Student: 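Questions regarding the structure given below will be posed in turn.
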Amino acid sequence: MDAMRRKRRRALRRILAEKDADALLLTHLPNVFYLCGFSGSAGALLVTAGSATLFTDGRYTVQARREADGAQVRIVAGSLARAIGERLRALGCRRVALEANRVSVAQQRLLRRAGGTRVRWVAVEGWVERLRARKDPREVAVMRRAARMASRVLEEVLPLVRPGIRENEVAAEIEYRMRRAGASGPSFETIVASGARSALPHARPSGKRLRKNELVVLDLGVILRHYCSDLTRTVYLGRAPDRVRRWYAAVLEAQQAARQALRPGVLAAEVDRAARQVLERSGLGRYFVHGTGHGLGLEVHEEPRLAAGQKARIEEGFVVTVEPGVYREGFGGIRIEDDVVVTARGPLTLTDAPRDLIEI
Ligand code: ZN
Ligand code: ZN
């Protein structure tokens, strides 16, 4: 049995006891993987004080037996909900928590019916997500490799970023190189946004050709051994005019300020504030239209969110992105994004691609 996963299940069981719940039914697959190592694309995990049961179907018989760690495997031929209901009755569970933001109304109805009248379902949120926010050393090591891999892919592809090539060609080159480098895929749809399109923070690569004297935002990440990385760099095709230089310097300063602010005990909102203050001082506050960053791990967007009003406290072991940006319609966008792990000695940046304005 894996010691780290055993520790995670123990931490979850402490929450069950605190919240006076007999069981938690996990249906969100990254949470299932986190607690028992099963990486199939269908299944549910039921955790009680004394047991863990993985329910999945016949397609995953071999995989579940091989991967499931610290959990009994139930291969279910018919309805998963019915099998879960039977198990709950056999275990004598009364108060059963389910992941409120992960279960559809239809699934809830099936579970209610399957559990019968003795089971009381309680909707809960974030129990496992909160545990996942704090990465153990082994997770950080994998995430460092994922961050470095994204950095190398970006560097490799820069020579192709030239006037004439299409955005979607650059995106395809990026994702091809990720796979060749050993990634299981991109952690999200790669963004290549040029010219006026770079002002769209979540632009999809299009057939537009890159042109001279344009900004190009490249945002990419890999999945390596289930963990994500997320990296953005901004390129100028040609010699950047003064305004681009000034804006780029302000975004970079904001990014450094937020990275420096990432210390155990600080509020997520304060990290956002650190970046926002710099851009406001430069008169660019109104062009910074999103939060400063987000947690990163088994999913590309996790707890915590680094944004105004976020009261979560940053802890040692958190891995987050820091990605301030400015976007102005008709002019373009500039964003700089790195992945940072919070340590007792301060922030440690995992992505290692150069951060200066790239002029091609
Ligand atoms: Zn990104
Ligand atoms: Zn991001």
Side-chain angles (χ1 to χ4, degrees), residues 147 150-171 173-174 186-206 208-221 229-259 275-276 278-279 282-294 321-340 349-360:
S151 307
R152 296 295 82 74
V153 166
L154 179 93
E155 285 174 347
E156 256 182 53
V157 93
L158 278 179
L160 303 173
V161 180
R162 290 267 185 271
I165 194 167
R166 294 177 196 278
E167 290 175 354
N168 49 21
E169 287 170 335
V170 178
E173 292 287 348
I174 288 172
S187 55
F188 57 91
E189 203 182 330
T190 303
I191 296 172
V192 179
S194 61
R197 302 188 74 256
S198 63
L200 310 169
H202 272 180
R204 286 200 135 131
S206 72
K208 177 189 169 299
R209 288 186 194 278
L210 274 47
R211 279 195 302 259
K212 214 170 158 35
N213 301 322
E214 274 184 348
L215 282 161
V216 187
V217 172
L218 303 147
D219 189 348
L220 58 116
S229 58
D230 189 359
L231 169 75
T232 306
R233 289 294 182 263
T234 302
V235 172
Y236 192 83
L237 295 177
R239 225 187 109 68
D242 273 355
R243 181 160 69 159
V244 168
R245 278 171 202 284
R246 264 197 329 271
W247 286 28
Y248 192 93
V251 173
L252 186 56
E253 196 192 330
Q255 208 244 13
Q256 272 156 353
R259 278 191 288 136
R276 210 162 291 279
V278 173
L279 290 170
S282 316
L284 300 175
R286 65 183 180 286
Y287 302 130
F288 180 20
V289 294
H290 53 68
T292 293
H294 51 85
T321 70
V322 179
E323 50 177 309
V326 291
Y327 311 88
R328 188 169 175 187
E329 205 184 336
F331 168 72
I334 295 168
R335 179 165 70 253
I336 305 167
E337 176 179 31
D338 284 287
D339 305 342
V340 181
T349 304
L350 301 176
T351 31
D352 62 351
R355 224 161 274 126
D356 296 324
L357 175 61
I358 306 163
E359 295 174 278
I360 295 175

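The model shown is predicted, which means the values in this text are computed figures rather than measured ones.
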Student: Nearest 0.5 Å, what's the CG-CG distance between L231 and D352?
Tutor: 9.0 Å

Student: Once rounded to the nearest 0.5 Å, what's the spacing between atom CG of L210 and atom CG of L237?
Tutor: 5.5 Å

Student: Roughly how far, to the nearest 0.5 Å, is the CG atom of L215 from the CH2 atom of W247?
Tutor: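 Separation between the atoms: 10.0 Å.
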
Student: Determine, step by step, whether Q255 and R355 satisfy the side chain to side chain contact (heavy atoms under 4.5 Å, CB included) criterion, reporting the C-alpha distance in whole Å, the side-chain angles of both residues, the deciding distance to 0.1 Å, and the verdict.
Tutor: CA-CA 10 Å; Q255 208 244 13; R355 224 161 274 126; 3.7 Å; yes

Student: Name the one of V340, T349, D339, T351 that satisfies side-chain contact (heavy atoms from CB on, under 4.5 Å) with V322?
Tutor: V340

Student: Checking the side chain of T234 only, and the main-chain atoms of R335 only, is there a donor and an acceptor separated by less than 3.5 Å?
Tutor: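 Answer holds: yes.
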
Student: Take I334 and Y327, measure what side chain to side chain contact (heavy atoms under 4.5 Å, CB included) needs, and give me the verdict at the end.
Tutor: CA-CA 7 Å; I334 295 168; Y327 311 88; over 6 Å; no

Student: Sequence neighbours excluded and cut-off under 3.5 Å, please list the side-chain donor-acceptor pairs for residues 153-164, or say none.
Tutor:
from, atom 1, to, atom 2, distance (Å)
E155, OE1, R152, NE, 3.1
E155, OE1, R152, NH2, 3.4
E156, OE1, R177, NE, 3.2

Student: How long is the span from the CD atom in E189 to the NE2 atom in H202, to the nearest 0.5 Å?
Tutor: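 Reported to 0.5 Å precision, the distance equals 11.0 Å.
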
Student: Run the numbers on I360 and Y236 for side chain to side chain contact (heavy atoms under 4.5 Å, CB included), then give the verdict.
Tutor: CA-CA 6 Å; I360 295 175; Y236 192 83; over 6 Å; no

Student: Using a 4.5 Å cut-off on heavy atoms from C-beta on, say whether the side chain of F288 contacts that of V251.
Tutor: no

Student: Looking at R233 and D338, is there a salt bridge between them, counting it only when a charged N and a carboxylate O are closer than 4.0 Å?
Tutor: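 Salt bridge between D338 and R233, a charged N being under 4.0 Å from a carboxylate O: yes.
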
Student: Can you measure from CD1 (I336) to CD (E253) and round to the nearest 0.5 angstrom?
Tutor: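 I336 atom CD1 to E253 atom CD measures 11.0 Å (nearest 0.5 Å).
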
Student: Would you name the heavy atoms of A250 and L284 that are closest together and state the gap between them?
Tutor: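 Looks like CB-CD1, 3.8 Å.
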
Student: Verify, without hydrogens or angle tests, whether R245 (side chain) and A240 (backbone) share a donor-acceptor contact under 3.5 angstrom.
Tutor: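 Here the side-chain-to-backbone pair exists.
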
Student: Checking side chain to side chain contact (heavy atoms under 4.5 Å, CB included) for the pair K208/E214: CA distance, chi angles, key distance, verdict?
Tutor: CA-CA 12 Å; K208 177 189 169 299; E214 274 184 348; 2.9 Å; yes

Student: Under 3.5 Å, is there a donor-acceptor pair between the side chain of S187 and the main chain of S229?
Tutor: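 Yes, the answer is positive, given that a donor and an acceptor are paired below the 3.5 Å cut-off.
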
Student: Between H294 and E323, is there a side-chain donor-acceptor contact under 3.5 Å, judged purely by atom types and distance?
Tutor: yes

Student: Could you tell me which non-hydrogen atom of P201 sits nearest to which non-hydrogen atom of I191, and how far apart they are?
Tutor: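 Closest pair (atom of P201, atom of I191, distance): O-CD1, 3.8 Å.
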
Student: For H290 and G325, work out which heavy atoms get closest and say how close.
Tutor: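 For H290 and G325, the tightest heavy-atom pair comes out as CE1-N, 4.1 Å.
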
Student: On the ring face of F331, is R243 found with NZ or CZ under 6.0 Å from the centre and within 45° of the axis?
Tutor: yes

Student: Closest approach of P324 and A275, non-hydrogen atoms and distance?
Tutor: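 Heavy atoms of P324 and A275 come nearest at CB-CB, 4.4 Å.
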
Student: Tell me the closest heavy-atom pair linking G332 and S198, and the distance in Å.
Tutor: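 Minimum heavy-atom separation between G332 and S198: CA-OG, 3.2 Å.
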
Student: Just checking, any donor-acceptor pair under 3.5 angstrom between side chains of R211 and S194?
Tutor: no

Student: What's the spacing between T190 OG1 and E167 CD if we round to 0.5 Å?
Tutor: 12.5 Å

Student: Looking only at atom types and distance, does a side-chain atom of T232 sit under 3.5 Å from a main-chain N or O of E337, one as donor and one as acceptor?
Tutor: no

